[in-house]
Each structure stands twice: as structure tokens, then as C-alpha cells.
Enquirer: 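One structure, pasted below without further comment.
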Amino acid sequence: MKIGVFGAGYVGLVTAVCLADLGFDLWVVEKNKAKLDKLRAGINTIYEAGLTELLNKNIELGRIQFTDEGKFVVENSEAIFLCVGTPSRPDGSADMSQIESAMKEIVEQTVQLGQYRLVVVKSTVPVGTSAWLRKIASMYARGHESLIDIASNPEFLREGAAVKDFMEPDRIVLGCSSERARELLTYIYQQFDCPKIVTDSNTAEIIKYAANSFLATKISFINMVADLCESVGGDISQVAEGMGYDKRIGKEFLRAGIGFGGSCFPKDLRAFVHVGQLHNLNFSLLEEVIKINQSRPQRVIARLKEMLWVLQGKKIAVLGLTFKPNTDDVRETPAAGLIAALKAEGAIVSATDPIGIDNFKKIYPLEAKDVHFHEKPEMALKNSHAVLLVTDWPEYNQLNWAGIRNEVELPLFLDGRNFLKNQTGLIDDFLYTAVGSKSTGGN
Ligand SMILES: NC(=O)c1ccc[n+]([C@@H]2O[C@H](COP(=O)([O-])OP(=O)(O)OC[C@H]3O[C@@H](n4cnc5c(N)ncnc54)[C@H](O)[C@@H]3O)[C@@H](O)[C@H]2O)c1
């Protein structure tokens with residue numbers, strides 16, 4: 001079976017490569033010329049474990065092709081996955097222009113072709129989007145709308161583990177409005193051994209926003225409790241452990257830290273709040289989740305001040321720029337707000353990241369100005385007055401912290417991810433402080 005994908009970003013490229021690896025023939029449309037040129041040359045455009053190997057393998061097998069013309073994709077694929085971006089608009093709502101423009105192209109080509117096509121929305125979209133796409137189909141298809149079917153199939157993969165998550169999902173959600181769409185999607189996903197929730201498209205669309213909003217709520221909740229632990233003396237890691245053994249709560253997403261970022265949680269929360277406002281509903285719970293998250297950088301600065309008193313002229317080494325480890329994605333990374341806040345205090349910032357430096361400079365030119373970037377963490381740490389761990393890259397657990405102790409100006413360490421508290425080399429030689437607990441160690 002031939003399958004089309006619109007948008008070769010983090011979701012689209014992973015979807016296309018994984019479906020190709022399952023034996024389907026994939027046609028991928030990408031409108032960004034630089035990205036398209038690379039993909040056509042067989043060069044992977046995102047950092048994701050296992051993706052380069054699968055991409056090369058399936059290009060060699062002739063199972064994946066890249067183009068900028070929707071025409072080829074519509075001609076060649078019965079089912080077409082929409083994986084384009086849905087970024088935030090200034091009012092928090094989701095910007096649906098990429099979805100609309102891809103849909104318009106698909107409808108026009110389908111009408112010319114005169115054959116049935118199923119459009120599967122994998123992008124994260126507000127409830128009602130599939131219904132809108134049906135309206136667009138009837139507006140542009142002028143009497144041929146029965147050729148076009150719409151289904152919702154939200155994606156739940158996590159960057160950093162995207163291939164594994166796509167291949168071994170916890171569940172697959174299929175929002176279908178016709179038997180034919182249901183049959184096609186069931187066929188595409190027949191090799192997946194996980195629960196499949198077949199429902200209507202409104203329900204499928206709500207599931208995605210509700211899931212992301214709930215996970216973000218867990219993070220802000222534990223961060224709120226972490227603040228209490230800092231104020232009265234307590235250990236948030238043990239609080240989370242004690243809570244997490246309760247099966248009704250679960251251990252995941254209870255790690256206190258400097259807050260969530262990335263291209264999904266912040267934007268999806270804003271969009272879900274906007275959906276609530278549109279329907280005159282009280283979604284203030286989620287507004288608080290956002291507020292707590294936004295307050296995290298200032299909390300970190302306050303803790304640094306407790307450690308150093310004056311930040312003006314102090315050299316702070318920032319470990320990690322990406323919003324999480326094992327990805328090159330820096331969209332809405334907490335590092336940006338933290339670096340801006342440090343610079344506003346007059347601190348001198350040196351920063352390091354295994355792969356995120358170029359993307360950070362590109363996306364945050366203002367924040368990156370005057371920051372000293374080093375690929376080697378040891379260089380960023382040299383002569384620093386304090387270290388701030390922003391991203392829990394496994395690499396930072398392998399550093400020779402005892403040796404680094406002799407290279408820093410002051411051995412102060414603030415762990416924004418509660419990540420290195422068992423690193424004895426670090427705990428012994430630095431005055432170590434983690435979010436949500438008291439300082440330990442240090443000589
Ligand atoms: N990144 C994630 O971890 C993740 C996880 C689950 C869901 N999602 C959702 O999936 C969607 C895509 O996210 P992403 O991170 O892959 O975004 P992205 O920005 O990395 O990729 C989107 C791609 O679509 C391309 N594009 C835009 N308009 C196009 C068009 N008309 N035709 C063809 N290509 C077009 C862009 O050039 C870009 O390469 C979003 O709605 C997002 O919320 C993302």
C-alpha cells in the first residue's frame with residue numbers, strides 16, 4: 001500500500017520512515033527547500049535515536065521518496081497523513097494555516113484525479129478541526145466531496161524516543177467518520193499490538209490535548225510541592241517516590257525541576273485553554289499550570305542568589321540547551337528564559353550542549369548574544385562561579401567532577417533536573433543543590 005505524508009518535521013519524518021520500515025511505500029511532501037534538499041540527498045534533518053539508519057535503509061530499498069509537490073503524493077497514496085506544524089498564535093490558539101494550505105492542495109489534486117483519498121490528521125489540532133476540514137473539502141471539491149474522507153489520528157511520540165514510541169505506542173487513537181476510513185487505518189496499523197481506540201474525530205482530538213495537559217499538570221503540581229520542600233525543608237524526590245508508588249498516581253512525570261518546555265506542552269496547553277474560552281468553560285486549572293511553569297526561571301535565579309548573593313559579574317555555566325536530552329529541539333526550551341534572566345542580572349553566561357548549540361543560536365539570537373558557547377562541557381565549566389544543570393543529558397553523569405572541581409572558581413552546583421544527586425564525585429566535591437531539596441556536600 002502507498003501512503004503519503006505532508007510535512008517532514010519531527011512527527012512527519014518519523015511517521016514516514018517507520019511506516020516505510022513496516023513495508024509501505026511512502027511519498028513525503030516537504031515545502032521547506034533546505035530540508036527537502038537534504039532529505040533527497042539522504043541526509044537526516046533531525047537528531048533522533050535510530051532514525052538515520054532506518055532512513056538510509058528505506059531510501060536504499062526505494063520505499064521512501066521526497067518531493068515538494070503534493071500532486072505526486074495525492075496521485076500515489078490512498079491515505080495521506082497531515083503532519084504539518086500547528087504553532088501558537090499570539091492569543092494562544094493554534095495556528096491552522098499549515099493544515100489549511102496542505103488540505104486545500106490535497107482536495108484540489110484529489111478532485112483532478114477523481115479517486116477516493118483519506119486524509120489522516122496526525123498534527124495536534126483543536127477539537128472541531130476534522131469537521132472544519134470536511135467543510136473545506138466541500139467548499140473546494142465542488143460536488144466531489146464524497147471522494148475525500150477525514151480521520152483524526154493524534155500522535156503521542158516523545159522527541160528523544162520518537163522511533164521507539166512510534167513503533168511501540170501505548171495506544172493508537174483513530175477518530176473515524178466512515179467505515180472505509182476505519183478499515184484503511186485498521187489495515188495500516190494492523191502490525192501494532194497495542195490498544196486501539198476507535199472513536200469519532202472530536203473525541204480523538206480532545207484525547208490528545210487532554211493527555212498533554214494532564215501530563216503538564218503533573219509537572220507543575222510536583223514543582224509546586226518542590227517549592228514547599230525548599231521552604232520548609234523536605235526532599236521532593238522522596239515525596240514523589242512516596243506518591244508514585246500509589247498506582248492511581250503513578251511514578252511518571254513527577255520529577256521536579258525547572259519546568260516543561262518543548263514544541264508541544266506549552267503550545268498545546270495554551271491552545272486547550274483557548275478552546276475552553278471559546279466554549280465559555282472554566283479551564284483556569286490549566287491557566288495556573290502555565291503560570292507555575294512560567295515562574296520557574298525566577299525561582300532558579302532566586303536559588304542562585306541564595307548560593308552566590310550577587311550574580312553581577314559572576315560566571316554561570318549552563319549545562320544543556322535543548323528542552324530535554326536526546327533531541328536537538330530547542331523550541332520553548334527553559335534554557336532560553338534562564339539565560340535571559342541570568343544576563344539581566346549581569347551574570348556572564350557560558351553554555352554547553354552535546355548537539356543543541358546551533359539550533360539555540362538560530363532560534364534565540366537575542367538570548368545567545370554575548371553567551372560563550374562550548375561544545376566541551378569542561379570548557380564551559382572552567383572558572384565558573386556556579387553551575388546550572390538545565391538538561392539531563394546522560395553525558396553530564398560521565399564527567400570527571402572531582403577533576404572539574406579544581407578548574408572552577410567556586411564549587412557551587414544547582415541541579416535543575418534532580419538528575420545528578422547520586423553522582424558521588426559531584427556531591428563530595430561541590431556544594432550541591434537540587435530543585436526541591438536542601439543543599440548537600442561540598443568542601
Ligand atoms: N514534535 C513532537 O514531539 C510532537 C509529538 C506529537 C505531536 N506533535 C504535533 O505534530 C505536528 C507537527 O509537529 P513537528 O514537531 O513535527 O513540527 P515541525 O515544525 O518539526 O514539522 C512540520 C513540517 O511541516 C512542513 N510543512 C508546513 N506546511 C507544509 C505543507 N503545506 N506541505 C508540506 N509540508 C509542510 C514544515 O516545513 C515542517 O518541516 C504539530 O501539530 C505538533 O503539535 C508533535
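First listed ligand is number 1; within each ligand, the first listed atom is number 1.
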Enquirer: Before accepting this row, confirm whether a basic side-chain N of the pair E241/K251 lies closer than 4.0 Å to the acidic partner's carboxylate O.
Expert: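 Result for this pair is no, no salt bridge flagged.
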Enquirer: Drop me the distance from T110's OG1 to I80's CD1, to the nearest 0.5 angstrom.
Expert: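 The distance works out to 5.5 Å.
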Enquirer: Any idea which atoms of ligand 1 are less than 4.0 Å away from a heavy-atom of C83?
Expert: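 Under 4.0 Å from C83, ligand 1 has these atoms: 12 (C), 22 (C).
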Enquirer: Go through ligand 1 atom by atom and flag the ones less than 4.0 Å from a non-hydrogen atom of S101.
Expert: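 Checking each atom against S101, I get 31 (N).
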Enquirer: Measuring only between side-chain heavy atoms, which start at C-beta, is T322 closer than 4.5 Å to W393?
Expert: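 Contact flag for T322/W393 side chains = yes.
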Enquirer: What protein heavy atom is closest to atom 13 (O) of ligand 1, reported as residue, atom name and distance in Å?
Expert: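 Looking at atom 13 (O) of ligand 1, the protein heavy atom closest to it is V11 CG2, 4.1 Å.
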Enquirer: Within 45° of the six-membered ring axis of Y116 and under 6.0 Å from that ring's centre, is NZ or CZ of R180 located there?
Expert: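 Yes, R180 lies over the aromatic ring of Y116.
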Enquirer: For atom 9 (C) of ligand 1, what's the nearest protein heavy atom and its distance?
Expert: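 The closest one turns out to be T124 OG1, 3.3 Å.
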Enquirer: Tell me, which protein residue and heavy-atom name are nearest atom 5 (C) of ligand 1, and how many Å apart are they?
Expert: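 Answer for atom 5 (C) of ligand 1: L157 O, 3.5 Å.
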Enquirer: Does R158 have a non-hydrogen atom less than 4.0 Å from ligand 1?
Expert: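 R158: no contact with ligand 1 (<4.0 Å).
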Enquirer: Students should be able to answer this: which protein heavy-atom is nearest to atom 32 (N) of ligand 1, and at what distance?
Expert: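 The closest heavy atom on the protein side is K31 CG, 3.2 Å.
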Enquirer: Name the option, out of K324, Q98, E155, that contains the heavy atom nearest to atom 28 (N) of ligand 1.
Expert: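 Nearest heavy atom to atom 28 (N) of ligand 1 lies in Q98.
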Enquirer: Determine, considering heavy atoms only, which of E30, E69, K104 sits nearest to atom 25 (C) of ligand 1.
Expert: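 Checking each option, the heavy atom nearest atom 25 (C) of ligand 1 is found in E30.
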Enquirer: For atom 26 (N) of ligand 1, what's the nearest protein heavy-atom neighbour? Residue, atom name and distance, please.
Expert: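 Result for atom 26 (N) of ligand 1: V84 CG1, 3.8 Å.
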Enquirer: Is there a side-chain contact between L338 and V300, using heavy atoms and a 4.5 Å cut-off?
Expert: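 Side-chain contact under 4.5 Å: yes.
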Enquirer: Using a heavy-atom cut-off of under 4.0 Å, does the side chain or the backbone of S123 touch ligand 1, or both, or neither?
Expert: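 The answer is both.
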Enquirer: Check C264 against ligand 1 and report side chain, backbone, both or neither, counting heavy atoms closer than 4.0 Å.
Expert: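 It is the side chain that touches ligand 1; the backbone stays farther off.
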Enquirer: Considering only NZ, NE, NH1 and NH2 on the basic side and carboxylate oxygens on the acidic side, decide whether E179 and R182 come within less than 4.0 Å.
Expert: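 Yes.
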Enquirer: Do T352 and K376 have side-chain atoms, one donor and one acceptor, less than 3.5 Å apart?
Expert: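 On atom types as modelled, these side chains do not qualify, holding no pair under 3.5 Å.
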Enquirer: Looking only at protein heavy atoms, which one is nearest to atom 17 (O) of ligand 1, and how far off is it?
Expert: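 Going by distance alone, atom 17 (O) of ligand 1 is nearest to R331 NH1, 3.7 Å.
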Enquirer: So, D37 and K33, do they make that salt bridge, N to O below 4.0 Å?
Expert: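 A salt bridge is present here (some side-chain N lies under 4.0 Å from a carboxylate O).
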